[in-house]
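A short write-up of the structure that comes next.
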Amino acid sequence: MEELQIRPSGIRMQEDFVTKEHEDELIRIFQNELQWPDRSGRLSLHYGYTFSYKSFGIDEETPYIPFPDWLEPLLPTTEGRPPDQVCLQHYAPGTGIPPHVDTHSAFDQLYALSLGAPVFMQFREGAKGDARTDVDLKPRSMMEMRGDARLHWTHGIKARKTDTLPDGTVRWRENRWSLTYRWLREGAACECGNVQLCDTAQRRNGVETVYRWKQYEAEEKVQSGTWIKNVTLLIKLELAALALLTII
Ligand SMILES: O=C(O)CCC(=O)C(=O)O
Ligand SMILES: [Fe+2]
């Protein structure tokens, strides 16, 4: 894996993690053999352990979902043990994911494999996002986020139909799938101290943890522009906030 020489530091990339033939076969499986949620927008399927935001450990009530056969050869081997959780996501053209950090306390190492169409992922420094960097996620590439890229910059994908390349070319979005791999953090506490982005630091400092979710909601509003989505999300946010508040 090669680290990109950009800000944020900590983005490591391995191109051609799978062959084109392997990718075609995976997409065939994704499109024909998996049961996706029946709704629009970004769709997710989860494998492995589920993290409980109540107990801040493995959710004992949700059964472990074994990794399917097609997933086994796609697991990164560089951590010495398989990930605890894998999330397969489908992005239909026009969909994205709001800027966020994957929860610090819950997860440590973080990798993502891109399949299908390329897309720009935007990294933004801190909560306000003054510095921004677009990284072109090429199909078949495996990315690792560590250090600043993992903890101190948010990442997200703009919900839009096209991306404009640095040379001005307009690239239409097509179907994209990603696999996000996460390893649980030992002790479920992060020591980075970033009160803006780290839930452990926020808890320790008595900062209203709901802030993170509020920010997420605001971003979603700007991106989706649809009322229904906002309402659904708001309910989810409130539930999440309640779960978080109970453990403060
Ligand atoms: O789609 C991707 O490549 C990454 C998705 C992501 O950021 C996440 O699942 O937390
Ligand atoms: Fe993420």
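The analysis underlying the following values was restricted to heavy atoms, covering all of them including side chains, and did not include hydrogens, waters or symmetry mates. As the structure lists them, so they are numbered: ligands from 1, and atoms in each ligand from 1.
- Looking at ligand 1, you won't find any N or O of Ser114 less than 3.5 Å from one of its N or O atoms.
- A salt bridge links Asp102 and Arg182; the closest N-O separation between the charged side-chain nitrogens and carboxylate oxygens is under 4.0 Å.
- If you check the side chains of Glu79 and Tyr111, you find a donor sitting under 3.5 Å from an acceptor.
- Under a 4.0 Å heavy-atom criterion, Met143 is not in contact with ligand 1.
- Annotation: protein N, O or S atoms under 2.8 Å of the Fe ion (ligand 2) (waters excluded) comprise His100 NE2, Asp102 OD1, His155 NE2.
- In this structure, the protein non-hydrogen atom closest to atom 7 (O) of ligand 1 is His155 NE2, 2.9 Å.
- By the 30° and 60° cut-offs, the orientation of the rings of His155 relative to Phe123 is tilted.
- Ring orientation note: the planes of Trp36 and Phe30 are nearly perpendicular, at an angle over 60° on the 30°/60° scale.
- Given atom 4 (C) of ligand 1, the protein heavy atom at minimum distance is Met121 CE, 3.6 Å.
- A salt bridge between Asp136 and Arg171 is present, with a side-chain N of the basic residue lying under 4.0 Å from a carboxylate O of the acidic one.
- Taking a 4.0 Å cut-off on heavy atoms, Arg42 fails to register as neighbouring ligand 1.
- Proximity of a side-chain donor or acceptor of Thr200 to a complementary backbone N or O of Cys190 within less than 3.5 Å is detected.
- In this structure, Glu191 pairs ionically with Arg204, as a charged nitrogen and a carboxylate oxygen lie closer than 4.0 Å.
- When hydrogens are left out, the protein atom nearest atom 3 (O) of ligand 1 is Arg176 NH2, 2.8 Å; that is the closest non-hydrogen contact.
- The protein heavy-atom contact nearest to atom 8 (C) of ligand 1 is Arg182 NH2, 3.5 Å.
- Of the protein's non-hydrogen atoms, the one nearest atom 1 (O) of ligand 1 is Tyr91 OH, 2.6 Å.
- At a threshold of 4.0 Å, the pair Glu125-Arg7 counts as salt-bridged, since one of the basic side-chain nitrogens sits closer than that to a carboxylate oxygen.
- Comment: Arg12 does not engage Glu2 in a salt bridge, judged by the lack of any side-chain N to carboxylate O separation of less than 4.0 angstrom.
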